[in-house]
Q: 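Here's a structure for you.
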Amino acid sequence: MSAFHGRAIDAIRRIPRGTVATYGQIAGLAGSPRAAIIIGEILRRQTQSADLPWQRVINKEGRISIVNMQFPAALQAELLRSEGVDVREVNGAYHVDLTRFLWNGS
DNA sequence: AAGGTGACTAACA
DNA sequence: ATGTTAGCCACCT
């Protein structure tokens, strides 16, 4: 695990219940604002070893962009709703209003 | 060892 | 509005 990787995990664990963060936001907190895509790479395999609020990470558009069969978007939406995040569904796509639920980073 | 590929995104054409 | 490009860096050939 690299330093960036470790810092990214820490940042994700810091996301408060009931809020969401973007890949870019986490990358920034981990020290590399332009490495957003790496956050997805990390989650793509870190998901199973729980103790990580992976469901709170979505893309800049406020959409769930997960592509993992083990952990489908429907599950992510379900988990977010269970902690109070309003997830809207529009034919298979899930949206979150970032103006209301985006974590302020502290 | 070297190159391709992304759960991304900002900048450009 | 829509499409491409360039950074980023962990992983997998």
Side-chain angles (χ1 to χ4, degrees):
Chain A
M1 179 186 277
S2 71
F4 174 80
H5 189 125
R7 277 181 261 125
I9 295 299
D10 288 342
I12 294 172
R13 284 199 226 278
R14 200 172 300 131
I15 306 172
R17 210 186 130 77
T19 70
V20 297
T22 67
Y23 295 97
Q25 188 176 8
I26 297 303
L29 290 171
S32 193
R34 314 193 71 167
I37 200 172
I38 309 305
I39 305 305
E41 170 69 25
I42 291 171
L43 293 178
R44 182 183 158 200
R45 63 186 63 263
Q46 190 86 35
T47 294
Q48 303 178 53
S49 57
D51 189 26
L52 192 70
W54 60 273
Q55 74 276 20
R56 315 219 257 247
V57 185
I58 62 180
N59 71 22
K60 193 96 176 20
E61 310 301 304
R63 292 182 296 95
I64 288 178
S65 53
I66 188 172
V67 187
N68 186 316
M69 296 183 221
Q70 300 296 308
F71 300 82
L75 171 62
Q76 182 167 6
E78 176 89 15
L79 289 171
L80 287 175
R81 284 170 175 152
S82 76
E83 54 183 66
V85 176
D86 181 22
V87 183
R88 315 273 295 287
E89 183 189 348
V90 183
N91 32 323
Y94 298 88
H95 306 271
V96 172
D97 182 350
L98 292 183
T99 68
R100 290 201 291 152
F101 300 101
L102 182 64
W103 176 37
N104 60 29
S106 60

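Protein chains get the first letters and strands the later ones, always in sequence-line order, with residue 1 at the start of each.
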Q: Is a salt bridge present between A:Arg81 and A:Glu78, judged by a nitrogen-to-oxygen distance below 4.0 Å?
A: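 No salt bridge links A:Arg81 with A:Glu78.
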Q: State plainly whether one hydrophobic cluster holds both A:Val67 and A:Tyr94, where clusters connect Ile, Leu, Val, Met, Phe, Trp and Tyr through side-chain heavy atoms under 4.5 angstrom apart.
A: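 Hydrophobic grouping puts A:Val67 apart from A:Tyr94.
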Q: Given atom CD1 of A:Ile66 and atom C1' of B:dC8, what is their separation to the nearest angstrom?
A: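 From A:Ile66 CD1 to B:dC8 C1': 15 Å.
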Q: Looking at the side chain of A:Ser65, which of C:dC12, B:dA7, B:dT9 is the nearest nucleotide?
A: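 The answer is B:dA7, which lies nearest to the side chain.
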Q: Rounded to whole angstrom units, what separation is found between the CD atom of A:Gln25 and the P atom of B:dC8?
A: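 Rounded to whole Å, this separation is 15 Å.
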Q: What closest approach, in Å, do A:Ile15 and A:Ala21 show between heavy atoms, and which atom pair accounts for it?
A: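 Between these two residues, the closest heavy atoms are CD1-CB, 3.6 Å.
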Q: Does C:dC12 have OP1 or OP2 sitting under 4.0 Å from an N or O in the side chain of A:Arg45?
A: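 So the side-chain polar atoms of A:Arg45 do come within 4.0 Å of the phosphate oxygens OP1 or OP2 of C:dC12, strictly under.
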Q: If you take any heavy atom closer than 4.0 Å to DNA chain C, which residues from residues 26-41 of chain A end up in contact?
A: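 By residue number: A:Ser32, A:Arg34, A:Ala35, A:Ile37, A:Ile38, A:Glu41.
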Q: OH of A:Tyr23 versus C1' of C:dA10: gap in Å, rounded?
A: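 Between C1' of C:dA10 and OH of A:Tyr23: 16 Å.
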Q: So do A:Trp103 and A:Leu29 actually touch side chain to side chain, heavy atoms under 4.5 Å?
A: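 The answer is yes, as the side chains (C-beta and beyond) meet within the 4.5 Å cut-off.
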Q: Quick one: closest heavy-atom pair of A:Ala73 and A:Ile64, and the distance?
A: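 Shortest heavy-atom contact: CB-CG2, 3.8 Å.
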Q: Indicate yes or no: at least one non-hydrogen side-chain atom of A:Gln55 is less than 4.5 angstrom from one of A:Val85.
A: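 A:Gln55 does not reach A:Val85 side chain to side chain.
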Q: Tell me: CD of A:Glu61 to P of B:dT9, nearest whole Å?
A: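 Value for this atom pair: 7 Å.
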Q: With a 4.5 Å limit on heavy-atom distance, are the side chains of A:Asp86 and A:Asp97 in contact?
A: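 They are not in side-chain contact.
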Q: Would you jot down, in residue-number order, the residues of residues 80-102 of chain A having a non-hydrogen atom under 4.0 Å from DNA chain C?
A: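 Those residues whose heavy atoms fall under 4.0 Å from DNA chain C, taken from residues 80-102 of chain A, amount to none.
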Q: Tell me: CG of A:Asn68 to P of B:dG6, nearest whole Å?
A: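 Result: 15 Å.
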Q: Please report, rounded to the nearest Å, how far the P atom of C:dC9 is from the CG atom of A:Leu43.
A: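 To the nearest whole Å, that distance equals 17 Å.
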Q: Write down the distance separating the P atoms in C:dT4 and B:dT5, rounded off to the nearest Å.
A: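 Nearest-Å result for C:dT4 against B:dT5 at atom P: 16 Å.
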Q: Taking all atoms of both residues into account, what is the closest heavy-atom pair of A:Asn59 and A:Thr22, and its distance?
A: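 That closest heavy-atom pairing would be O-CG2, 3.9 Å.
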Q: Write down the distance between CZ (A:Phe71) and C1' (B:dA7), rounded to a whole number of angstrom.
A: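 To the nearest whole Å, that distance equals 13 Å.
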Q: Let me know the distance between CD1 of A:Ile42 and C1' of B:dC8, rounded to the nearest Å.
A: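 A:Ile42 atom CD1 is separated from B:dC8 atom C1' by 12 Å.
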Q: Shortest non-hydrogen contact from A:Gly6 to A:Met1?
A: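 Where A:Gly6 meets A:Met1 most closely, the heavy atoms are CA-SD, 3.7 Å.
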